[in-house]
Amino acid sequence: MSQFILLIFTFSIVHAQSSTDYQRVYLSGKDAASGVYWDFRISDGRKKDEQTKILVPSNWELQGFGTFNYGHDHKNPDRKVGDEVGYYSRAFLAESSWKRKSIQLVFDGVMTDTEVKINGQLVGPIHQGGFYRFSYDISEYLDFGSENMLEVKVSKRSANESVNKAEREADFWIFGGIFRPVFLEILPENHFTRIAIDAKANGEFRALLTLNEVPKSAEVEVRLKDLANGNTVGSFTSEVLTDSVWMTHLFSQIKTWNPESPTQYEATFSLKQKSKVLYAKTERIGFRTVELRPKNGLYVNGTKVILKGVNRHSFYPTTGRALSEANHLEDISLMKQMNMNAVRMAHYNPDERFLELADSLGLFVLDEVTGWQDGYDTIIGPQLIQETILKDANHPSVIAWNHGNEGGWNFQNEVAFHQFDIQKRPVIYPWLNRNGIDTKHYPTYDSPEGRLDKSGEVFMPTELLHGLYDGGLGAGLDDFWQKYRQNPLFAGGFLWVFADEAVKRDDKNGILDSDENHGPDGIVGPFREKEGSFYTIKEVFSPIQITSFDPSDNFDGKVSLRNDYLFSDLSTSSIKWSLHKINSWDSTTMLSAGSITLPAVLPGDSTTIDLNLPDDWRNGDILTIRAIGKDGEELYSWSEAIRKASIGNPHYFEARPALTNQAIKVRESTTDLHFTVGQKLFVFGKQLGELQLVKVGSQIIDFKQNQAELTTAVKSVNWKKLPDGSIQIKSNFESYPNLITWTIFTSGELMMEISAPDSIADLTGIGFSFPSEKVKSAKWIGDGPYRVWGNRLKGVEFGLWEKEYNNTITGYNFEKLSYPEFKGFHANFHALLLRAEGGTIEVRTETPNLFLGLFNPEFPLQSTPGVKVPMPASELSFLYQIPPISTKFHKGKEMMAIDRNMDQKGNASKALILWFRFD
């Protein structure tokens, strides 16, 4: 009994200042992190018919009950589709003081058909639909001053087939149970049954109040308070004549709500009778206006907006769709870190708390009524639309309603949105061109499906760049965004999807299961590990864009920047710069730094600023520019090399002790050339002139030139000793690589020079074999720390980087995710130090703009053609150009503007020169 009294006491204090205030009493936990045990039994699957307990809220599969299913399982005869029924019960105290009050029992989300009894009596019709808030008036069923028994029967599959098709046979994980909170609303005898608010950017305030009954001589007072300072902005009253009251007022001194300045107010609605308060309820609101102007754009507060968004499921590996405050905060924080300003609720409306946080932290929200690729019927559909709007309509973050997904709609049900939403927000059909907005899913870059230039409607793909493994998402985004943003009809887009959705399976020894490549694959991992695309998106979406910055090429210390904020000028933003020197392989040192406060550049405008660098700034190796946003947050950091890769890279290694010169000993056999320099032995083949073996002391370093890449016919191989005692080996081939020259120096270093190619294609360059199992770590000077692809070159910075060996397969081997991935391509390569068993391998280049191929990432068996990228035949590669990676549905070349690699900087005329040092 004490547990129930404590619950009531705690939440009465939180939600009620008097007996006339709105009061909420939780019968479950407030979220998944504060669950409360209820009695429980399940009809089938794991723990069948055990009388036990379960946490509420939760999905029962994640608590060890029932059957795990992915939505496609209904098409797979080899998989059982769970149709279990869960039986919940718990006792609770109904206080004596609740007599003559209205007691509402509220469920925020139950999967899916829900039958509710109080003290053995059915309290209303079975609710159908798994993602929606519903309630029952249980006042007449309660024994006040005593314990009461709540029983809830939950059927995982619905008796309504349209619900099953819309929700249970969708392309996402299918769960069961009471997965969102359950609470009581303790309302006085006279109360509002609905408060609907429309607060516009010009201060115009409208509200629709409905009442359970009409008191005599009553009025409603609205008092508006500024949350920032607690001051009262104003108040007004309206007479109550019917059970529906429309109220209007103009608040002339308000500030508008937008994601960059999410200003909120508290509006307290008090029902009064002869100055006595009968009931009071407070709503948090924001003043903002949403308009979809046909063939023009999407406007918020009179400003045309571009939504930088992502699709987000309510999902966490250990709790399914039952989420906590920490989950919501983490997801929104990561979105904001990526400079996103919008999120689509795919494919159902979210937790109440998520929207509250979106309101306060600043995110545009597309709120969705479920229907993956099939819609609800005309009986259940309008009801679920109504439930969505009644729960979510007052949130300023919600700027549009999504009616289903990719065919998951019933056009006859659309009228319900207009009937219940007094703000008349746009109703969007994700994938369709309807209601003045084209939301085409997964357009390719330059095909008829692009439609931006063809439909004449506002264009906003609600699913864009379908991620799979490391493909899509950041890959191709820069090309798409630069093309789209030039078109006045572009209103933004939503990447698919936010997070990898792999569920922890206690029925499979605790593995994280994504149902092969079916489970959504996102920008972050299941536990929100940041993948490379995270930083690409962060750069592309940054509201301050550095549009001209290359300190290696006639740089005068000035940078051009553009304001990509929607509502904010740059007067409270700044640019910070810092100059760094690379100390060989040991560290970097900051030489100097500075900061520039930016002028009041308006959204969409550009300016040029002088960094005021010191006169000796070229003594450094790295110049870093950090964009600091309007609220002091770092938007993005750009780091570039002060000089391109050059002869010996003396600025990095000038402090190293000089190597000792020793005479080179030569031994020639019929097949090999052996060159010994002190303790080092280099073996070359006489047929191709390729490096075959390296030995340092007694240790063999299994590093050799990859013969598989020398597929062209050899014309000649010659070697000679040069006047300074070094050895030179030249190999001529019919085609690329036409001429390879190796030089073995008396210092023990090697140099390799390959003549410039006539043209450049993906993977043009040279490679070497080395067993990955012998690798411990790598340091490199170049772009990092994440790998790149041919169409994902942003999101990395130049510097000295280090990482331990790992075999992370992004989006796949979830138990072994370690970021950044060890294997993959790195741009702007200057030097590499590979630490391995038996010694170290150092490689430096004199050729600018090369890519380093640092071993080849593995691709899962479920890879589709777009993400199964052609890779070099070698473990270590030095390349002029690398291939693009792309999406689950399309190949890389379809998802980029042109070949955007470094050959555009004149690399085709540069010989490939590499220096090697083995220790």
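Quick caveat: nothing in here was measured; it's all calculated off a predicted structure.
For Y265, the ring-ring contact (aromatic ring centres under 6.0 Å, His included) partners are F287, not counting sequence neighbours. With sequence neighbours excluded, the residues that form a ring-ring contact (aromatic ring centres under 6.0 Å, His included) with F183 are Y26. With sequence neighbours excluded, no residue forms a ring-ring contact (aromatic ring centres under 6.0 Å, His included) with Y87.
The two atoms that bring S238 and V245 nearest to each other are CB-CG1, 4.5 Å, heavy atoms only. What you find for Y136 and T114 is that their closest heavy atoms are OH-O, 3.8 Å.
Counting only heavy atoms from C-beta outward, the side chains of D113 and V154 never approach each other to under 4.5 Å. With a 4.5 Å cut-off on side-chain heavy atoms, T370 and N349 do not count as touching.
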_Let's go through K272 and E219 carefully: what are the C-alpha distance in whole Å and the side-chain angles of both, what is the deciding distance for salt bridge (charged side-chain N to carboxylate O under 4.0 Å, His left out) to 0.1 Å, and is it a yes or a no?_
CA-CA 5 Å; K272 294 182 175 182; E219 65 180 10; 5.5 Å; no
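Under a 4.0 Å N-O distance rule, the pair E167/K156 does not qualify as a salt bridge. A salt bridge links E352 with R133: at least one charged nitrogen is closer than 4.0 Å to a carboxylate oxygen.
The environment of Q273 atom CD is dense: over 12 non-hydrogen atoms of other residues, nucleotides or ligands sit within 6.0 angstrom.
Under the 3.5 Å distance criterion, the side-chain polar atoms of S314 are left unmatched by any main-chain donor or acceptor of P350. Judged purely by atom type and a 3.5 angstrom limit, R425 uses its side chain to pair as donor or acceptor with the backbone of V398. Remark: side-chain polar atoms of N341 are paired, donor with acceptor, to backbone N or O of K308 under 3.5 angstrom.
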